[in-house]
Amino acid sequence: MHEYTSTARVWGLSCPGFPEEVSRARRWTRDILRGSPLAEDAELIVSELSANAILHTASGHERGSFYLAVAVSPQVIAVSVTDEGGTGTAPKVEHQDQDAEHGRGLGMVSVIAHRVVVNDSDGGHTVTAELFAGQCAGGHPC
């Protein structure tokens with residue numbers, strides 16, 4: 001392998017902030033990760049993060065959008081959703097009662113993913129969830 005090349009591959013998808021785009025983002029992720037033992041986990045994470053972007057940020061407003069990236073390497077699958085901001089605070093994990101109807105999505109993502117990173121900027125927020133190859137949810141071998 002050449003010193004300036006990588007085995008990592010990155011795909012990106014820009015989506016209008018409509019609710020039906022969540023299912024398109026999920027299908028797109030499933031197609032990219034076809035055959036991976038982590039595909040279902042990644043698909044669920046994309047669904048939660050995309051829905052959060054539409055429901056809780058300016059991405060869900062008229063002419064809003066969100067951006068999805070999927071990076072795949074032999075060691076890790078990383079899915080990132082970038083929203084358009086418009087909220088006073090960055091997304092955070094909230095520990096809700098199991099019967100709560102809202103506020104559990106990012107907490108669920110943090111249980112499925114091996115690592116969750118939230119980056120806040122003036123233009124929005126990016127939530128990245130990483131799944132480590134060779135390990136399924138909770139650090140168990142796949």
Side-chain angles (χ1 to χ4, degrees), residues 2 4-142:
H2 189 274
Y4 297 114
T5 60
S6 169
T7 57
R9 302 278 315 232
V10 179
W11 291 264
L13 179 68
S14 185
C15 300
F18 305 129
E20 58 269 20
E21 291 298 308
V22 174
S23 62
R24 182 171 81 117
R26 200 171 44 241
R27 284 190 314 273
W28 182 78
T29 302
R30 181 176 48 236
D31 288 346
I32 289 170
L33 299 176
R34 190 173 311 278
S36 168
L38 298 173
E40 286 184 18
D41 288 342
E43 191 178 340
L44 179 59
I45 290 168
V46 164
S47 183
E48 285 298 323
L49 297 181
S50 299
N52 284 350
I54 292 170
L55 291 172
H56 302 296
T57 74
S59 293
H61 296 172
E62 187 175 343
R63 296 193 178 133
S65 64
F66 64 95
Y67 182 79
L68 170 62
V70 175
V72 179
S73 76
Q75 298 82 21
V76 68
I77 293 173
V79 295
S80 299
V81 172
T82 302
D83 64 43
E84 293 187 343
T87 61
T89 60
K92 64 180 182 284
V93 176
E94 294 182 10
H95 300 286
Q96 298 287 341
D97 183 279
Q98 69 181 26
D99 295 329
E101 292 184 25
H102 301 287
R104 298 183 321 167
L106 198 51
M108 183 176 63
V109 168
S110 70
V111 169
I112 296 169
H114 296 100
R115 186 167 80 156
V116 176
V117 178
V118 178
N119 291 305
D120 190 20
S121 72
D122 292 337
H125 314 98
T126 300
V127 180
T128 301
E130 297 177 350
L131 298 164
F132 301 146
Q135 295 182 356
C136 288
H140 302 290
C142 292

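Every heavy atom of this structure was used, including side-chain atoms; hydrogens, water molecules and symmetry mates were not.
Between Ser65 and Glu84 the shortest heavy-atom distance is OG-OE2, 3.0 Å. Looking at every heavy atom in both residues, Ser50 comes nearest to Phe66 through OG-CE1, 3.4 Å. In this structure, Gly85 and Thr57 approach most closely via the heavy-atom pair O-CB, 3.2 Å. Leu33 and Ala39 make their closest contact through O-CB, 3.5 Å (heavy atoms, listed as atom of the first residue, atom of the second, distance). The two atoms that bring Phe18 and Ile54 nearest to each other are O-CD1, 3.2 Å, heavy atoms only. Scanning both residues, Val79 and Ala42, for their nearest heavy atoms gives CG1-CB, 4.3 Å.
Residues Thr29 and Arg26 are not in side-chain contact: their nearest non-hydrogen atoms beyond the backbone lie 4.5 Å or more apart. Contact annotation: the side chain of Leu49 approaches that of Leu106 to within less than 4.5 Å [non-hydrogen atoms, C-beta and beyond]. Looking at His114 and Leu131, their side chains come closer than 4.5 Å, going by heavy atoms from C-beta outward. Residues Val72 and Trp11 are in side-chain contact: their nearest non-hydrogen atoms beyond the backbone lie under 4.5 Å apart. You'll find the side chain of His125 stays beyond 4.5 Å of the side chain of Ser59, heavy atoms only. Here the side chains of Val76 and Arg115 are not in contact, with every heavy-atom distance at 4.5 Å or above.
One finds the CG atom of Asp120 at 9.0 Å from the OG1 atom of Thr126 (value rounded to the nearest 0.5 Å). Interatomic distance, Ser47 OG to Arg30 CZ, rounded to the nearest 0.5 Å: 10.5 Å. Annotation: the span from Glu43 atom CD to Ser23 atom OG amounts to 10.5 Å, rounded to 0.5 Å. Remark: Arg24 CZ to Glu21 CD distance equals 4.0 Å, nearest 0.5 Å. Taking CE from Met108 and CD1 from Ile45, the interatomic distance works out to 8.5 Å, rounded to the nearest 0.5 Å.
Of the candidates Leu13, Val70, Ile77, Val70 is the only one forming a side chain to side chain contact (heavy atoms under 4.5 Å, CB included) with Ile32.
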